[in-house]
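FYI, side chains are in, hydrogens and waters are out, and symmetry mates aren't considered; it's all heavy atoms of this structure. Treat the numbers as computed from the prediction; the structure is a model and nothing was measured.
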Amino acid sequence: MIVAYGFANLLQSVAAARTTVHHTFDPGLLLRLASHRTYLIGLTCQIIGFVLAFLARRDLPLFLVQASVAAGLGVTAVLGVLVLKWRLPAAEVGLLVLLFGGITALVLSAEPAPSRQLGTAGLVGLVAALGAIAASGFFAARLHGAPGSVVLGSLAGMAFSAAAVAARPLASAESTEAFVRDPLLYLLIAHSLVGQLLLGLAMQRGSTTAAVAAMDAAGAVPAAIIGVLLLGDKIWPGREWLAGLGFLVTLAAVVGLTRYAQPQHHHPAVRDRGPAMIGVGVVPAQAASTGPRSATTSTGGVGSTGVAGRRRPITRS
């Protein structure tokens with residue numbers, strides 16, 4: 001599951017960087033992304049990861065599964081080293097060790113147990129959340145640069161978090177018929193589609209570091225809290241402190257890795273005054289004149305860097 005999400009992170013961000021930037025909440029973006037073979041391969045990896053995560057949610061608490069999904073970014077960093085020959089900074093090694101330690105702590109503290117059912121109130125809450133996230137995304141799509149990355153990334157994380165909440169009790173369906181007739185299935189699909197669209201929009205904005213950090217927090221924290229409070233997620237007695245520490249360490253390591261899970265190929269900045277091109281290795285002229293900070297505000301994707309040589313981070317799905 002973690003490996004599948006790691007591959008998806010890398011491939012989908014490449015496709016998003018090669019697609020014209022959208023400034024509206026337009027589902028057509030998903031169709032345009034689907035025209036890229038790279039995106040389709042990444043989406044296939046994401047679906048594999050999703051299926052494995054869905055099966056894991058049948059018995060495992062959401063705080064463990066959601067943290068493991070976020071940990072896919074660590075796999076992306078390792079893939080960059082093994083496949084793309086990225087350098088491995090000492091700070092990244094430390095973050096990978098922390099990530100492994102955090103996931104280990106969560107595994108040791110999580111007590112397997114089937115989920116409680118959400119009930120009518122839970123279904124109404126998920127429907128309301130879907131409408132609120134979609135409506136917020138409609139307006140947030142007009143934001144540019146770092147604010148757009150943060151807001152859209154947060155909304156995408158909230159949509160994926162709601163999908164995880166729907167998946168936990170749905171995974172315990174007793175038969176195929178019950179599975180297909182359960183409204184949670186369709187809420188899960190709707191939240192996933194909205195989240196995927198918001199993710200695509202966030203990938204195209206300026207600060208991908210901010211987008212990933214916001215998405216990881218919004219995707220893991222609410223689902224973990226709801227799982228413990230409403231779905232019957234359990235922790236082995238006496239290990240509550242280990243679960244809390246493991247969750248915080250994992251989330252902190254993932255947010256830290258957003259700075260390093262990125263290509264290390266340096267490209268010259270574009271200095272003409274014309275419109276910025278959207279693609280790999282292209283940096284707007286405005287970014288080229290702002291010094292080191294341009295590394296986190298350009299609209300290029302994987303393979304682009306700022307003038308100061310800082311690497312651009314990628315996003316996850």
Side-chain angles (χ1 to χ4, degrees), residues 5-6 8-17 19 21-27 29-30 33 39 42-43 46 49-50 66-67 69-74 76-77 129-130 132-165 191-224 250-262 278 293 295-302 304 311-317:
Y5 276 110
N9 289 341
L10 187 63
L11 296 173
Q12 289 189 23
S13 62
V14 172
T19 305
V21 174
H22 280 55
H23 299 293
T24 59
F25 191 69
D26 180 12
L29 173 60
L30 294 179
L33 288 172
Y39 182 82
L43 184 61
Q46 183 179 350
F50 175 83
Q66 293 306 105
V69 169
L73 191 63
T76 304
L130 178 63
I133 293 170
S136 299
F138 177 82
F139 294 102
R142 304 174 185 178
L143 298 174
H144 305 279
S149 296
V150 172
V151 175
L152 289 166
S154 297
L155 290 172
M158 292 172 64
F160 290 132
S161 182
V165 170
H191 275 287
S192 297
L193 289 175
V194 169
Q196 196 68 22
L197 174 57
L198 290 166
L199 175 60
L201 291 168
M203 281 179 171
Q204 296 184 324
R205 286 341 186 243
S207 177
T208 51
T209 298
V212 171
M215 181 184 299
D216 287 332
V221 176
T250 299
L251 192 59
V254 168
V255 171
L257 281 169
T258 60
R259 177 179 174 84
Y260 297 102
Q262 51 190 314
I278 305 301
R293 291 186 61 183
T296 56
T297 56
S298 67
T299 54
V302 169
S304 63
R311 299 166 290 151
R312 283 288 316 282
I314 68 164
T315 57
R316 84 170 183 83
S317 58

Provide the closest heavy-atom pair for [X] versus [Y] in the form atom of the first, atom of the second, distance.
X	Y	answer
A140	V151	CB-CG1, 3.5 Å
A223	G219	CB-O, 3.9 Å
S161	P222	OG-CB, 3.7 Å
S192	A163	OG-CB, 3.7 Å

Original post:
Is there side-chain contact between L143 and L152, with heavy atoms separated by less than 4.5 Å?
Top reply: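 The answer is no, as the side chains (C-beta and beyond) never meet within the 4.5 Å cut-off.
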How many angstroms lie between atom [atom1] of [X] and atom [atom2] of [Y], to the nearest 0.5 angstrom?
X	Y	atom1	atom2	value
F160	L198	CZ	CG	8.0 Å
L251	Q66	CG	CD	11.5 Å
L197	I133	CG	CD1	12.5 Å
Q196	Q46	CD	CD	4.0 Å

Original post:
For A218, does its backbone N or O pair with a side-chain atom of S154 as donor and acceptor, under 3.5 Å?
Top reply: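 Answer holds: no.
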Original post:
In chain order, what residues pass the side chain to side chain contact (heavy atoms under 4.5 Å, CB included) check against S136, with sequence neighbours excluded?
Top reply: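 L155.
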